[in-house]
Amino acid sequence: KSFEKGQAALVKSVDKKDVAKSSAALEGMAEAMLAYRTSGRLLGPDGGGDIPSVDEIRRSTMRKRSSEVFETKMKDRDARVKAAAGN
C-alpha cells in the first residue's frame with residue numbers, strides 16, 4: 001500500500017511540477033519496492049531473481065552506457081534462469 005500511496009503522490013507532484021515532492025515520492029516507492037523484494041526473497045541470484053533496483057533502472061535511462069550494463073545484467077540473468085529451468 002505504501003507503494004500505491006507513493007505513486008499517487010508522484011502523480012500529484014508531477015502535475016504540480018514540484019521536483020522535491022516528486023523526488024520524495026520516488027524515494028518512498030523505492031523503499032516500498034525494496035521491502036517487497038526483501039520479504040519475498042527476490043534479491044540476488046540465490047533468491048531466484050536479479051531484479052534491477054530502482055536506482056539501476058533510473059541510471060539506465062539517464063546514460064547510454066548504463067543501459068548497456070543494464071542490458072548485460074538482464075541477459076546474464078535470463079541465461080541463468082534458462083539454465084536453471086533446463087536442469
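We count residues from 1, following the sequence as given.
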**Student:** Using the side chain to side chain contact (heavy atoms under 4.5 Å, CB included) criterion, which residues pair with Ala25? Sequence neighbours excluded.
**Tutor:** Ala9, Leu10
**Student:** Asp76: which residues meet the side chain to side chain contact (heavy atoms under 4.5 Å, CB included) condition with it, sequence neighbours left out?
**Tutor:** Thr72, Arg80
**Student:** Applying side chain to side chain contact (heavy atoms under 4.5 Å, CB included), can you list everything that pairs with Gln7, at least two apart in sequence or on another chain?
**Tutor:** Phe3, Met29
**Student:** Could you tell me the separation between the CG atom of Leu26 and the NZ atom of Lys21, rounded to the nearest 0.5 Å?
**Tutor:** 14.5 Å
**Student:** With sequence neighbours left out, what residues match Lys12 under side chain to side chain contact (heavy atoms under 4.5 Å, CB included)?
**Tutor:** none
**Student:** List for me each residue that meets salt bridge (charged side-chain N to carboxylate O under 4.0 Å, His left out) alongside Lys16, sequence neighbours excluded, and say none if there are none.
**Tutor:** none
